[in-house]
Number of protein chains: 2
Amino acid sequence: MSDNDELLSIRAAELYYEENQTQDEIGVILRLTRWKVGRLLASAKANGFIRIEIVHPRARRLPIERRLRESTGLTDAIVVSSAGVSSDSELQSRTAQAAADYLTSLRPIPRTLGISWGRTLHDVSLHLKQGWAPGVNVVQINGGVSLNQRTGTAASTAVTIAHKADGSATLLPSPAIFERLETKQAMEADRTVAGVLALARNAQAYVFSAGQADANSALVDSGYLSVAQINDLVARGAVGDVVGRYIDQNGRIVDPELNERTVGIQIDQLRRAPLTIAVISGPSKHAIARAVVRNGLCTVLVTDEDTANALLHD
Amino acid sequence: MSDNDELLSIRAAELYYEENQTQDEIGVILRLTRWKVGRLLASAKANGFIRIEIVHPRARRLPIERRLRESTGLTDAIVVSSAGVSSDSELQSRTAQAAADYLTSLRPIPRTLGISWGRTLHDVSLHLKQGWAPGVNVVQINGGVSLNQRTGTAASTAVTIAHKADGSATLLPSPAIFERLETKQAMEADRTVAGVLALARNAQAYVFSAGQADANSALVDSGYLSVAQINDLVARGAVGDVVGRYIDQNGRIVDPELNERTVGIQIDQLRRAPLTIAVISGPSKHAIARAVVRNGLCTVLVTDEDTANALLHD
DNA sequence: GGCTGATCTGCTCATATGAGCAATGATACC
DNA sequence: GGTATCATTGCTCATATGAGCAGATCAGCC
């Protein structure tokens with residue numbers, strides 16, 4: 001298009017989008033036929049000069065969702081808009097809300113729902129509406145009795161989700177990681193614990209988040225791992241954790257010995273499950289989100305626009 | 001509107017604006033009639049959830065221009081969009097371009113055009129196209145032979161504008177400010193200089209910019225004033241300068257003695273002129289822009305979106 | 001429970017717009 | 001210079017959309 005036409009298309013766009021004039025009226029002003037005006041507007045759009053944003057906490061980015069589905073083989077992708085977000089926590093909240101919406105609209109409604117725990121899942125539980133589902137058995141899929149603080153975050157997340165669905169919660173009364181393998185094995189041998197783990201393995205759907213591998217990890221906060229241990233994991237290629245287990249960019253367990261001492265379902269069980277919903281957002285989680293999606297650890301991803309774009313521009 | 005309708009309006013907007021579905025198709029998807037969809041979209045717009053931006057260096061903000069005209073009594077306002085600008089200088093460049101466009105489209109074409117000098121006016125001169133007007137006599141309206149560097153910026157601006165209009169330039173061969181009043185009076189007594197000043201006073205139109213009152217002022221750069229002098233002026237209420245003369249927020253000369261030693265047309269001559277075009281942009285110039293507009297020193301303002309909004313939110 | 005005013009819904013109809021097409025004008029190539 | 005090719009223009013026609021209106025529905029009130 002000629003330089004002059006480009007300028008005209010901008011003048012036309014101003015009158016059309018900002019002044020709500022009809023193409024006919026614009027034609028009179030710019031001394032053009034209305035068809036020319038229509039074509040100028042179309043070219044302004046095609047050239048990307050017209051940017052339309054939906055500014056709302058619940059806004060999603062459907063085109064990005066579609067491209068994500070197509071390029072990754074996910075059965076579903078939920079991408080929340082980051083237009084107008086001012087803080088990281090606002091983005092987290094939007095993503096959690098979207099995850100809650102997605103769970104609420106799930107059909108068929110899963111009878112048993114396996115969940116992990118953490119800041120994100122807790123947020124999701126808060127955003128669910130009372131009566132979001134007519135009875136769901138919520139099962140904790142990884143250990144999570146916090147060692148030093150806020151004991152019961154994990155439990156309360158599960159209980160809240162179950163309670164709001166008028167269902168029941170099955171908790172996994174165990175730390176996330178044991179210091180000694182023998183203790184962990186003894187724990188798992190317990191009938192009650194074994195029963196919970198069996199239930200977790202047979203859940204119809206899973207919802208989980210993921211943590212980045214750095215000093216801010218929830219597993220460091222909770223006292224399961226030291227900063228030095230995290231640094232070692234990172235040095236060995238860890239990009240983050242899923243259900244308490246650290247993986248590298250190829251989705252492989254970074255430290256098999258540590259993995260053995262970790263309580264909960266295995267990564268491979270997630271990989272084989274027919275419906276696994278990963279809720280991952282925030283700039284620090286691009287790497288782990290990539291690892292989760294590229295290695296088939298989830299079938300549905302709920303994330304934010306920037307993380308989704310990072311996945312697309314690989 | 002109900003909370004649920006608000007959410008529906010966002011879903012509808014996603015399908016309409018991002019997926020280019022018709023309201024009919026959206027109705028099928030959301031199980032609504034197409035009229036309901038139309039109303040939801042209208043309410044999404046009315047609630048400000050739909051933001052449409054024209055992202056282009058030449059884009060203007062017509063609604064802001066209109067509000068500016070209405071609230072200030074300016075005969076014309078040109079407001080360039082700041083959507084997508086990454087640097088201050090890009091904003092300056094956009095504004096200069098808009099000023100050049102405005103000059104080019106001026107009707108009737110002024111026979112004599114009085115101009116000030118400075119970074120902004122120089123930019124304007126560069127953005128004008130060869131042949132932008134069929135012969136214009138460009139007159140310098142304030143002194144501006146730089147004392148220490150880039151001698152001739154002022155002159156070259158005038159010459160460029162005149163040359164590109166296939167016209168002539170009349171330069172004011174004088175410093176901006178004299179140290180002694182007597183020297184200035186002697187200078188003005190000179191027949192040539194007096195003639196230029198008379199021509200300047202009778203110009204049909206003026207184009208000028210304004211400087212902020214701080215250490216970055218062009219008058220400091222050029223060596224006419226020291227930082228200490230500027231600080232003194234600021235302490236006495238100066239918000240910036242117009243044609244080399246410092247004014248306060250009420251448009252009054254801050255230092256009459258300094259003003260007497262300054263060469264060029266008086267502020268009052270600008271105030272009385274029928275067509276005075278002020279080109280002022282950038283975050284540091286909000287105060288001086290306000291002083292210029294509120295006190296009737298210009299009839300036309302060319303500025304950027306943020307400055308315009310600052311003027312509107314008084 | 002029944003009335004009243006206000007809001008909401010589904011519709012008709014006029015208008016705005018985009019798709020497609022023939023005629024025209026420009027451009028490149030022999 | 002003539003012609004083939006392509007882009008551009010002005011148009012017709014089908015479709016999408018918004019304004020306006022009558023009937024339905026709802027909330028508040030006695």
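Just so we're on the same page: letters track the sequence lines, and every chain starts at 1.
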request  = Check the distance between D:dA16's P and B:Glu25's CD and give it to me in whole angstrom.
outcome  = 7 Å

task = Look at B:Gln21 and D:dA16 and indicate whether a side-chain polar atom (N or O) is within less than 4.0 Å of OP1 or OP2.
result = no

ask   = Could you give the CG-to-P distance, from B:Leu41 to D:dA19, as a whole number of Å?
value = 13 Å

query = Tell me: CD of A:Gln23 to C1' of D:dG10, nearest whole Å?
reply = 15 Å

ask   = Distance check: side-chain N/O of A:Tyr16 vs OP1/OP2 of C:dT17, anything under 4.0 Å?
value = yes

message = Rounding to an integer number of Å, can you tell me how far A:Leu40 CG sits from D:dG10 P?
response = 12 Å

query = Cut-off 3.5 Å, side chains only: do B:Ser281 and B:Thr95 have a donor facing an acceptor?
reply = yes

message = I need the single residue from B:Leu275, B:Thr276, B:Val279 that forms a side-chain contact (heavy atoms from CB on, under 4.5 Å) with B:Val300. Which is it?
response = B:Leu275

message = If you only use heavy atoms from C-beta on, which nucleotide in D:dG18, D:dG10, D:dA16 is closest to the side chain of A:Thr33?
response = D:dG10

remark   = Checking C:dC11, C:dT17, D:dT17 against the side chain of B:Thr22 (C-beta onward), the nearest is D:dT17

message = Whole angstroms only, please: what is the NZ-P distance between B:Lys36 and D:dA24?
response = 19 Å

message = Does any part of the side chain of B:Glu65, heavy atoms only, come nearer than 4.5 Å to the side chain of B:Ile78, both counted from C-beta?
response = yes

ask   = How many Å lie between NZ on A:Lys45 and C1' on C:dG18, as a whole number?
value = 11 Å

ask   = Could you state the CG-C1' distance from B:Leu15 to D:dA16, rounded to the nearest angstrom?
value = 16 Å

request  = For A:Asp24 and C:dG18, give me the distance from atom CG to atom P, rounded to whole Å.
outcome  = 12 Å

inquiry  = Given the structure, check if the side chain of B:Arg39 and the base of C:dG10 hold any donor-acceptor pair shorter than 3.5 Å.
reply    = yes

ask   = Is it the case that A:Glu305 and A:Asn309 place a side-chain donor and acceptor less than 3.5 Å from each other?
value = no

